[in-house]
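First comes the structure, then the notes that go with it.
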Number of protein chains: 2
Amino acid sequence: MVKNLPVTVSNEAGWRCHGNLWSNLREICELLHIPAPACSGEEEALFQHVRFKAGQRVHTIGQDFDSLYIVNSGFLKTVLIDEYGNEQVLSFPMKGDLLGIDGIHNQHHASEAVALSDCDIILLPYKTFAAMGRTYPELENAMYGVMSRELVREQSMIGMLSALSAEAKVARFLTSLGESFSQLGYSGKCFNLRMTRHEIGSYLGLTLETVSRTLSAFNEMGFISVDQREICLLDTNALKTLRRLPPAKARSKVTEKVTEKVSVLVGKKLLPQWSNETVVAA
Amino acid sequence: MVKNLPVTVSNEAGWRCHGNLWSNLREICELLHIPAPACSGEEEALFQHVRFKAGQRVHTIGQDFDSLYIVNSGFLKTVLIDEYGNEQVLSFPMKGDLLGIDGIHNQHHASEAVALSDCDIILLPYKTFAAMGRTYPELENAMYGVMSRELVREQSMIGMLSALSAEAKVARFLTSLGESFSQLGYSGKCFNLRMTRHEIGSYLGLTLETVSRTLSAFNEMGFISVDQREICLLDTNALKTLRRLPPAKARSKVTEKVTEKVSVLVGKKLLPQWSNETVVAA
DNA sequence: CGAGAGGTTGAATCGGATCAAATCAAGTGG
DNA sequence: CCACTTGATTTGATCCGATTCAACCTCTCG
């Protein structure tokens, strides 16, 4: 296994910066939260870091696929572009996330990854990635695991998009963002949104106005404090349990009356009361 | 590589039927539409078929993961269950689809697969699956490819859920179902829906009433003919191009006036006119 | 300072959900 | 065979949450 030579990431000129750092396999495994294989000693592969400035694209739709990317630092968004040129935000990757999996399928990227802040990205050439699985069988399982995790994440995204109200979507977005931050060692309570209201709205299937209004409402209710992109979660429990009553179609008879009561508590006026697990369970 | 012994698929008793067929690697690759590796001769693995009757579960949420499943025949749905017990339909797998990938992540299934008709499913033990990648390196790439394909499918599902109108969702559902059927050699024009309106609604993020109403409207407009679950697509082009105007937020200036005009054509009353590519491009 | 992007807020509208009722298909048991 | 049940579907009337449209505000940066 040899050191990967610097490769040109894209044919687009001018926006590409070469980094000067290299990571070994152990560092990469740490980043991805997977167990590092028993080290085979010295002849280790090294993986190149590449830096992207805010606004730059790590990969674009249709671009030839030959490498995966691991976020070492910084914040990004991945987007789909529809037939009208509208962006559909799919995720907001940050440190430890794996990018570019969608390109494996037909050797072309199906989505676009854009840096929302200056980013340090580790290049993981696909050939090397595949070879690693064969060289370190323990790793192979972990790699399938990382892809599986992505799949599960998107599944729950689908569930959220089609089942939750606007308030619940925004609330979940905030709490899960907070959890991500605290897992990275930052404060899970107070953090800075790296994305615009528009991007949040696209991600959640809402308009930017609805996002803004909902944040204001949460602020007024004391769930959070907002100052532009500076957010503090004051009542994460309230946010986590805030819901609307589920579509009646599939509601089980047992919860029928209970959820009706909940609907009053979590009514449209966003009263200071809200549903939570214990109420539902009662 | 030895013949896989019959394994108990679930701890739930009574719903499990043993099949008596076995498939080899080549048959499985054909089914998954991936190139079969150069055969290594006789000492081939054989994979057990299991039959499920309509309504039976192939795997349930939380169940220990140890096997993937390939659909050989029949129709299924995969669902998520939320905290209220509501089903969220994620997909309608059919012949050639791979099930259970979501279980790799943490060794437990995150979703549930339910047979909508009698099904013949091939058991693909995960250990064997992983070993195959190492034994046949050409296969490994294809396996990552299959998982990547799933991911891309779910991404476009997310885009569809948050960007399209009810009519467009139902229209796309019908056309893509038709395409799946014709790829399997069945008629892509006339087919039988294996799922209820409720399940379609859950899949598309709509209520069953909206699905029913939309089908009726399409029927009235001559796009399709409906008789219960018997559907015939009469004007697939109309269905494919039927849209609503995209959220104004991200609309580019060039298409602004054009899409406004389109909005009139595809207005809420479902007039006999509708948008299509040529109109938009004009 | 002015321009422009991002953000907030209000008022009106509309699309899809909800509620309700009738119809239809398929059993089930007397 | 018919009365009765049960689940799926259709259709109508109404309601409400989120979008849309619009005005205004607030930063930042040249």
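These numbers were taken from a predicted model, which means no experiment stands behind them. Lettering of chains follows the sequences in order, A, B, ..., and the numbering in each one begins at 1.
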Of the nucleotides [options], which one has an atom closest to the side chain of [X]?
{"X": "A/Arg197", "options": "C/dG7, D/dT9, D/dT19", "answer": "C/dG7"}
{"X": "A/Ala166", "options": "D/dT11, D/dA18, C/dG7", "answer": "D/dA18"}
{"X": "B/Thr207", "options": "C/dT18, D/dT10, D/dA18", "answer": "C/dT18"}
{"X": "A/Glu167", "options": "D/dA8, D/dT11, D/dA18", "answer": "D/dA18"}
{"X": "B/Glu209", "options": "D/dA18, C/dT9, D/dT11", "answer": "D/dT11"}

Look at all strands and tell whether [X] reaches a base, only sugar-phosphate, or nothing, counting heavy atoms closer than 4.0 Å.
{"X": "A/Gln228", "value": "sugar-phosphate"}
{"X": "A/Arg213", "value": "base"}
{"X": "B/Thr196", "value": "sugar-phosphate"}

Distance, rounded to the nearest Å, where [X] contributes [atom1] and [N] contributes [atom2]:
{"X": "B/Asn219", "N": "D/dT11", "atom1": "CG", "atom2": "C1'", "result": "14 Å"}
{"X": "A/Glu220", "N": "C/dG10", "atom1": "CD", "atom2": "C1'", "result": "14 Å"}
{"X": "A/Arg194", "N": "C/dG7", "atom1": "CZ", "atom2": "P", "result": "14 Å"}
{"X": "B/Arg229", "N": "C/dA25", "atom1": "CZ", "atom2": "C1'", "result": "11 Å"}
{"X": "A/Asn192", "N": "D/dC27", "atom1": "CG", "atom2": "P", "result": "15 Å"}

Problem set entry | Phosphate contact (D/dT19 OP1 or OP2) by A/Thr210 side-chain N/O below 4.0 Å | yes
Exercise. Does atom NZ of B/Lys95 have more than 12 heavy-atom neighbours from other groups under 6.0 Å away?
Worked result: no
Exercise. Would the number of heavy atoms belonging to other residues, nucleotides or ligands and lying under 6.0 Å from CD of B/Glu230 be above 12?
Worked result: yes
For this session: For the residue pair A/Tyr69 and A/His59, categorise the inter-ring angle as parallel (less than 30°), tilted (30 to 60°) or perpendicular (more than 60°).
Result: parallel
Exercise. Where do A/Thr214 and A/Lys169 land on the side chain to side chain contact (heavy atoms under 4.5 Å, CB included) test, with the steps shown first?
Worked result: CA-CA 10 Å; A/Thr214 308; A/Lys169 284 176 180 178; over 6 Å; no
